[in-house]
Amino acid sequence: MNSPDSLRSPVKNARGLGSARSGVHHFIVQRATAVALLVLAIYLVVLLVSLIGADYAQARATVGHPCNAVMLVAFLLAMFWHGKLGLQVVIEDYVHTPGRALACQLVVVFACALAALASVLAVIRIALGA
Amino acid sequence: MPPVARPLSPHLQVYRWQIQMVTSILHRASGIVLSVGAFVLAGMLLALASGQEAWDCARGLLAAWPGILVMVGFTWALCYHWLNGIRHLVQDAGWGFSIPAFVRSSWVSVIGSVVLTAIICAVAICCGGVA
């Protein structure tokens, strides 16, 4: 903290210690992914409904179509990113013990990153016919 | 528990329920539900990539009645979070902050999500779902 007789400016204390100039990053990325998901979620619902009744080969062909694969990967990345940001805030709000909060945040980050990697790889495998 | 016992602000039990707080709570709840749904979707894609056997197993789980109920739940959560998300983006832009507008848009989110879910389920059934 700045003592009253300190000659240092508050910026000196803020730099590198807090959220100075990066505080709105979470807010902006959450909104940006939200706008992307507004469109991509409609696409996903239409895709999933079109897959009703499809057998294995048809489902693979649909998911593997270049247009669908690209849109699906975009949806998955935006979704897991948006989900990570949302769960982060939930933990910040409800988990008050620092150690437990850190553990929860790490679990969320790792789980979302892993699921995003796995699902994107699955789509790419299907799209490339592996 | 917090390490230091600080005085707490009044919480849910002392407030009269009103639609604005319902929409706020539902937005967070549906967001958490959708995070679970994200992992289900990832699992389905992995099953589809793994082969016919894994796909049949995963598909069988979702095509059974409990699975269908869960899918309807995810559909509602998505519809609600989507609609109320638009409402939040509009509010972020500075619109709709008068109390009547706030209440009206809250009801649009809640009722609209049920209507949207019904439409999607109807289309799904017409496409040969629940079989």
Side-chain angles (χ1 to χ4, degrees), chain A residues 27-28 30-31 33-35 37-38 41-42 44-46 48-57 59-60 62-64 72-73 75-76 79-80 82-87 89-90 93-100 108 111-112 114-128 130, chain B residues 1-6 27-56 58-59 62-63 71 74-75 78-79 81-86 88-89 92-93 116-117 119-131:
Chain A
F27 180 92
I28 289 172
Q30 193 170 37
R31 270 71 189 169
T33 50
V35 172
L37 285 168
L38 278 185
I42 299 175
L44 181 87
V45 169
V46 172
L48 289 185
V49 169
S50 78
L51 279 175
I52 289 175
D55 63 21
Y56 177 70
R60 271 188 82 108
T62 304
V63 170
L72 256 179
V73 168
F75 174 81
L76 290 165
M79 174 184 66
F80 280 111
H82 189 80
K84 179 260 162 193
L85 294 171
L87 291 175
V89 178
V90 172
D93 283 354
Y94 300 134
V95 184
H96 301 299
T97 316
R100 202 179 294 167
V108 163
C112 287
L114 205 60
L117 287 172
S119 51
V120 168
L121 188 69
V123 173
I124 292 174
R125 267 179 67 98
I126 294 166
L128 297 181
Chain B
M1 285 300 289
V4 182
R6 297 191 177 90
H27 196 71
R28 178 159 280 191
S30 59
I32 295 171
V33 168
L34 288 172
S35 320
V36 178
F39 287 91
V40 173
L41 178 65
M44 291 302 289
L45 285 171
L46 279 178
L48 187 62
S50 300
Q52 175 99 49
E53 212 170 294
W55 172 251
D56 287 342
R59 198 174 174 282
L62 286 189
M71 290 305 286
F74 282 146
T75 306
L78 182 65
C79 290
H81 206 83
W82 190 83
L83 273 176
N84 205 48
I86 294 175
H88 276 303
L89 286 172
D92 287 341
L116 261 187
T117 309
I119 292 173
I120 292 174
C121 289
V123 172
I125 291 169
C126 289
C127 289
V130 198

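Throughout, a chain's letter reflects where its sequence line sits, starting with A, and its residues are numbered from 1. In what follows, every heavy atom counts, from backbone to side chain, and hydrogens, waters and symmetry copies are set aside.
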> So which part of A:V90 gets closer than 4.5 Å to some heavy atom of chain B, the side chain, the backbone, both or neither?
Replying inline: both

> Do you know the tightest heavy-atom contact between A:A115 and B:F39?
Replying inline: CB-CE2, 3.3 Å

>> Can you tell me how the ring of A:H82 sits relative to the ring of B:H81, calling it parallel under 30°, perpendicular over 60° and tilted otherwise?
In response: perpendicular

>> Quick check on B:D92 against chain A: is it the side chain, the backbone, both or neither that has a heavy atom closer than 4.5 Å?
In response: side chain

> Which answer fits A:A111, side chain, backbone, both or neither, if we ask what part of it has an atom under 4.5 Å from a heavy atom of chain B?
Replying inline: both

> Taking A:L121, A:D93, A:V95, A:D55 one by one, which has the highest count of heavy-atom pairs under 4.5 Å against chain B?
Replying inline: A:D93

>> Minimum heavy-atom separation for A:A41 and B:W82, please, with both atom names.
In response: CB-CD1, 4.0 Å

>> Nearest 0.5 Å, please: how far is SG in B:C127 from CG in A:L48?
In response: 11.5 Å

> side chain to side chain contact (heavy atoms under 4.5 Å, CB included) between A:V123 and B:L48: does it pass, once the steps are laid out?
Replying inline: CA-CA 9 Å; A:V123 173; B:L48 187 62; over 6 Å; no

> Can you find a heavy atom in the side chain of B:L34 that is under 4.5 Å from one in the side chain of A:M79?
Replying inline: no

>> So which atom in B:L46 and which in A:A118 form the shortest heavy-atom distance, rounded to 0.1 Å?
In response: CD2-O, 3.6 Å

> Can you say whether A:L87 sits under 4.5 Å from chain B via the side chain, the backbone, both, or neither, judging by heavy atoms?
Replying inline: side chain

> Going through the distances and angles, do B:R28 and A:V89 end up as a side chain to side chain contact (heavy atoms under 4.5 Å, CB included)?
Replying inline: CA-CA 10 Å; B:R28 178 159 280 191; A:V89 178; 3.3 Å; yes

>> So does B:L89 get a backbone contact from the side chain of A:R31, meaning a donor-acceptor N/O pair under 3.5 Å?
In response: no

> Is there a side-chain contact between A:L76 and B:L45, using heavy atoms and a 4.5 Å cut-off?
Replying inline: yes

> What residue, out of B:A42, B:A47, B:A38, has the most heavy-atom pairs lying under 4.5 Å from chain A?
Replying inline: B:A38

> At their closest point, which heavy atom of A:Y56 faces which heavy atom of B:G51, and how far apart are they?
Replying inline: OH-CA, 3.1 Å

> Closest heavy-atom contact between B:W55 and A:A59?
Replying inline: CZ2-CB, 4.1 Å

